[in-house]
Amino acid sequence: MKTLKFKKSKIAIALLSFVLSLTMSAQIGGWNPELESEAKETLQAMIKKTPKLQSFCDKSYGYAVFPKVTKAALTIGGAIGNGVVYKNHVVVGTSRLKQASFGLQFGGQQYSEVIFFENQDYFERFTNGKLKFDAQASAVVLKEGASVDVAYQEGVAVFTSTKGGIMVEASIGGQHFKYKPKSK
């Protein structure tokens, strides 16, 4: 029994290490124009898939686009991704998303995520590191041709679009963000 538990722990650690290695960036001390380009393309693709997102984009105070979030789990799970933060449709910085979860879960997947901020207060909570999503936070998963009737919940609206992978999950956890302003 203990051997099985030890093997599961080793597999979970290996999966999480793999996730981290996939998302490490070669960017050192500078701006990553490739990430900015990927964020623009991701947002355009999500709007094309679900045109109603354009109204969120137009009316929001700001938003963060994570082109690729990589998630892996075997009882213990983790996700990580890098994104670009916009205020008034202008790039103001980058953000790193980290997520940890525990529960009945297995697999791996990649998805894109965009977070719209309703007003300055919620945008500043995000950029100050005070906005965290807990287990009750919900994201709308975008599907081709599906209608989206969503309102802001506690100042944010979150949308995801699956890129690939398989994930079976019934877990608890949360997302945390670290913001870095763009140097001028």
Side-chain angles (χ1 to χ4, degrees), residues 15-16 18-27 30-50 52-54 56-57 60-73 77-101 105 107-118 122-135 137-143 148 150 152-165 167 169 171 173-182:
L15 277 171
L16 291 175
F18 177 68
V19 168
L20 290 174
S21 71
L22 286 176
T23 59
M24 289 296 168
S25 170
Q27 161 196 344
W31 187 249
N32 184 342
E34 186 178 312
L35 179 62
E36 185 176 347
S37 176
E38 290 173 0
K40 277 184 182 176
E41 290 171 11
T42 297
L43 184 59
Q44 289 170 353
M46 290 174 82
I47 289 171
K48 184 176 180 182
K49 189 179 201 178
T50 310
K52 184 150 185 177
L53 285 187
Q54 186 66 54
F56 278 92
C57 193
S60 68
Y61 181 83
Y63 48 94
V65 180
F66 296 88
K68 180 172 64 175
V69 178
T70 304
K71 184 175 185 178
I80 194 163
N82 293 312
V84 177
V85 181
Y86 299 83
K87 177 178 158 188
N88 298 320
H89 309 289
V90 176
V91 175
V92 294
T94 59
S95 181
R96 186 156 183 94
L97 174 156
K98 292 181 183 178
Q99 178 179 336
S101 56
Q105 53 188 333
Q109 71 177 168
Q110 285 188 330
Y111 61 93
S112 301
E113 180 170 303
V114 63
I115 305 167
F116 294 103
F117 306 102
E118 187 173 26
Y122 285 97
F123 181 82
E124 287 178 359
R125 284 185 192 184
F126 179 84
T127 58
N128 291 328
K130 295 181 179 167
L131 183 68
K132 294 175 173 67
F133 297 149
D134 61 16
S138 61
V140 174
V141 179
L142 300 177
K143 295 183 176 152
V148 176
V150 174
Y152 285 99
Q153 293 181 357
E154 296 186 32
V156 296
V158 182
F159 298 91
T160 64
S161 180
T162 303
K163 292 173 89 70
M167 186 68 129
E169 181 175 28
S171 63
Q175 288 185 342
H176 302 270
F177 306 93
K178 184 171 184 172
Y179 172 73
K180 182 178 178 186
K182 184 176 182 180

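Residues: numbered from 1 along the sequence shown.
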Once you round to the nearest 0.5 Å, how far does [atom1] of [X] lie from [atom2] of [Y]?
{"X": "Asn82", "Y": "Glu38", "atom1": "CG", "atom2": "CD", "value": "9.5 Å"}
{"X": "Gln54", "Y": "Lys48", "atom1": "CD", "atom2": "NZ", "value": "14.0 Å"}
{"X": "Phe159", "Y": "Lys49", "atom1": "CZ", "atom2": "NZ", "value": "13.0 Å"}
{"X": "Thr50", "Y": "Phe56", "atom1": "OG1", "atom2": "CZ", "value": "11.0 Å"}
{"X": "Lys71", "Y": "Gln109", "atom1": "NZ", "atom2": "CD", "value": "5.5 Å"}
{"X": "Thr162", "Y": "Gln110", "atom1": "OG1", "atom2": "CD", "value": "11.0 Å"}

What's the shortest heavy-atom distance between [X] and [Y], and which atoms?
{"X": "Val156", "Y": "Phe117", "value": "CG1-CD2, 3.8 Å"}
{"X": "Ser60", "Y": "Tyr152", "value": "CB-OH, 3.4 Å"}
{"X": "Leu43", "Y": "Phe116", "value": "CD1-CZ, 4.3 Å"}
{"X": "Pro67", "Y": "Ser112", "value": "O-OG, 2.7 Å"}
{"X": "Val65", "Y": "Ala39", "value": "CG1-O, 3.5 Å"}
{"X": "Val91", "Y": "Lys182", "value": "CG1-CD, 4.1 Å"}

Aromatic ring pairing Tyr63/Tyr86, orientation class (parallel under 30°, perpendicular over 60°, tilted between): parallel
Which label fits Phe126 and Phe177: parallel for a plane angle under 30°, tilted from 30 to 60°, or perpendicular past 60°? tilted
Under a 3.5 Å cutoff, is there a donor and acceptor pairing between the side chains of Thr160 and Glu113? no
In terms of heavy-atom contacts, does CD of Glu154 have more than 12 from other residues, nucleotides or ligands at under 6.0 Å?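 Open: at most 12 neighbouring heavy atoms sit under 6.0 Å from CD of Glu154.
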Please report the C-alpha distance between Asn32 and Thr94 in whole Å, then the side-chain angles of each, then the deciding distance to 0.1 Å, and finally whether the side chain to side chain contact (heavy atoms under 4.5 Å, CB included) criterion is met. CA-CA 9 Å; Asn32 184 342; Thr94 59; over 6 Å; no
Report yes if some heavy atom in the side chain of Val92 is under 4.5 Å from a heavy atom in the side chain of Tyr179; otherwise report no. yes
Is Thr42 close to Phe66 at the side-chain level, that is, under 4.5 Å between some pair of heavy atoms? no
